[in-house]
2 protein chains.
Amino acid sequence: MANIQQVAEKAGVSAATVSRVLNNVSSVSSKTRLKVEHAIKELNYEPSMLGRNLRNSESRLLLVLIPSISNPFYTEIIKGIETIAIANHYNILLCATDSNAERDNIYFNMVKNKLADGIISMDPTINRQKLNELAEKHPIILCSEYEEGGSIPYVTIDHKLAAYHAVKHLIKLGNKKIALINSDETYLYARQRREGYERALQEFNLPIRKEWIYHTEHLEFEHGVHAMRRLLQVNERPTAVFAVSDTLAIGALKEINVNGLHVPNDIAVVGFDKITFSNMTNPTLTTVAQPMYKMGCTAANMLINRIKGNQVESIVLDHELVIRESTMG
Amino acid sequence: MANIQQVAEKAGVSAATVSRVLNNVSSVSSKTRLKVEHAIKELNYEPSMLGRNLRNSESRLLLVLIPSISNPFYTEIIKGIETIAIANHYNILLCATDSNAERDNIYFNMVKNKLADGIISMDPTINRQKLNELAEKHPIILCSEYEEGGSIPYVTIDHKLAAYHAVKHLIKLGNKKIALINSDETYLYARQRREGYERALQEFNLPIRKEWIYHTEHLEFEHGVHAMRRLLQVNERPTAVFAVSDTLAIGALKEINVNGLHVPNDIAVVGFDKITFSNMTNPTLTTVAQPMYKMGCTAANMLINRIKGNQVESIVLDHELVIRESTMG
DNA sequence: TTGAAAGCGCTAACAT
DNA sequence: ATGTTAGCGCTTTCAA
């Protein structure tokens, strides 16, 4: 693979001139430009990013941290990030941390090492303290997950309000016994969604009963099945369930079905996230949609701004309740 | 961020010695090593990959090309790739081409540019000619998708045999009218799976009827729904369906359900891929499992070998038929 | 065992 | 408008 020097020699100019042609910068006579372009073609030359990046001390690589690539929730967000990144001549490095602190370290080091210019983190299990330390010296944006009162800029939705809307929808349909399948409340979003659930119940003077609130350790399907199994054993069976993730909701759907009950006639179900599979279920799932693509775009724009040295403000985006068969069969 | 020179000064040694300590190479007296290590800690020094990579003319980045991140089929493969990559001090750059030729170009250029050391491609829609050209000068491995008689090493399963096993399973259950929901036969795997389907039918003297073979343009759920709708309108309704992807099969499941028919009593269904959601459906889906994690590991090992300059051979891995409720309710 | 020096490929400041 | 020069941070000869 030819280098800039060889192109320069072939074109009979200096390396600096070749560089100027490559970067369309300042003054190059059209005659010289032609010579250089010809030499580039001739030698099949491609500039080395390695040299360029070292010189400019940037990598034009953005790190995107997700807990696991198997979670479909992140798909659209990533598309958004990617679109904005590529438009700004950045590439993204998708990193599944699998909630593994060692992995985190590898990726943090990439930033310190100049192998990446910044981070968008969507991992709620990430080491907060290390992230905060890193954020003092390097551009970092939180997406979807964030820290209350933290100093790292974030983009998110109003989880409390979104949960409130979901539960209010169930109430409006006449449900009075509404269960909550929540995840681990060490996560901020889980706490906020419970608050929204409770706010809706209180507003309509409905009881908040402990037996109707179930916490799962993880968001996988099986945990939804298990949660629903328990809820069906409660003395006064709930007539509706709000699950804080679609995968949990789909698990609940399955378990209700297995028990010979009908959704939504016996039990209505609402999920959260509007993952692709949420309209492949039978019945299709009512769910809360986060503007994922937009969230990704926003996060990427914020990060790129940060890299440029600008100050950026956190942003809260709107959500949307998508009503489908699992509540309005 | 400190550089190697500053560490050297602080430790009272040369940059060369610091480099030796960093790379655990050749001879450094333990006394000097201690001094250097102390200085590194003191300055919070992290070596710049940019400098190192330029010098070594490698990036230790592996490109992984997939058609779209939203396809759950790739999840486990990627995990396998990632595991092997990290163990060998490589990072992976996950690239969704969205079957967009411009994207392909960006990624091809990264390799030419030395921003990546090699490519694992899982994109069946990729530009074959350009890929072949690139493969002459750079390490490339095909994973799952490959080219018959091509020169690029690949890892895959025997699609024909796998389809044969799936259909034979349906036949053994007593089905005589077996439909095929296939994807676009421009893809090699689609042609091979049809061949397997036909081989099984022939072996048991069952008719291969055109009306029972439906081709979809894409693999999404909706296309499965549509395909099944058509198959249900055929005069002699099939009693079993083999779909070449789980998403298509799940679509078929849904449509059968909507028409008040029962799976598997009225129609048995087999999918392909064993995606996570294939056991969240109702009934759970019988499907062909590819050893995805292993496939990813294998591909990564092959690529790394290639980068080292070794010759590598293509590999065909075993598949497995996972029997669930959609055929054995 | 260690240091000096060269150079990976590129760009930017300065000079002409 | 173009060339010269220096240097980004690192590793690797070669010499001591």
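Quick note: numbers below take in every heavy atom, side chains included, and nothing from hydrogens, waters or symmetry partners. Keep in mind it's a predicted model, so treat the numbers as computed, not measured. Sequence lines set the chain letters: A, B, ... in the order given, protein chains first and strands last, and positions in each chain run from 1.
Under a 4.0 Å N-O distance rule, the pair B/Glu82/B/Lys79 does not qualify as a salt bridge. A salt bridge between A/Lys112 and A/Glu133 is absent, with no side-chain N of the basic residue lying under 4.0 Å from a carboxylate O of the acidic one.
Side-chain atoms of A/Tyr74 and A/Ser144 form no donor-acceptor pair, as typed in the model, at a separation below 3.5 Å.
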Open item on the list: With side-chain hydrogen bond (donor to acceptor under 3.5 Å, both in side chains) as the criterion, how do A/Lys130 and A/Asn105 come out once you've worked through the C-alpha distance, each side chain's angles and the decisive distance to 0.1 Å?
Closed with: CA-CA 9 Å; A/Lys130 283 197 178 176; A/Asn105 267 328; 3.0 Å; yes
- [ ] Begin with the C-alpha distance, continue with both residues' side-chain angles, and end with the deciding distance and a verdict on side-chain hydrogen bond (donor to acceptor under 3.5 Å, both in side chains) for A/Thr156 and A/Tyr189.
- [x] CA-CA 10 Å; A/Thr156 185; A/Tyr189 80 87; over 6 Å; no
TODO: Starting from the C-alpha separation in whole Å, work towards a yes-or-no answer on side-chain hydrogen bond (donor to acceptor under 3.5 Å, both in side chains) for B/Asp123 and B/Ser121.
DONE: CA-CA 6 Å; B/Asp123 185 357; B/Ser121 171; 5.9 Å; no
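Using a 4.0 Å heavy-atom criterion, one finds that A/Val25 contacts no nucleic acid atom at all.
Separating the CG atom of A/Leu43 from the P atom of C/dG9 is a distance of 14 Å, rounded to the nearest angstrom. If you measure from atom CD of A/Glu9 to atom P of C/dG9, you get 13 Å, rounded to the nearest angstrom. Atoms CG (B/Leu115) and C1' (C/dC10) sit 13 Å apart, rounded to a whole Å.
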Open item on the list: Generate the contact string for nucleotides 4-11 of chain D. Rules: B means base contact, S means sugar-phosphate contact only, - means no protein heavy atom under 4.0 Å.
Closed with: B-BBBBBB
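For B/Ser29, a side-chain nitrogen or oxygen approaches OP1 or OP2 of C/dT2 to under 4.0 Å.
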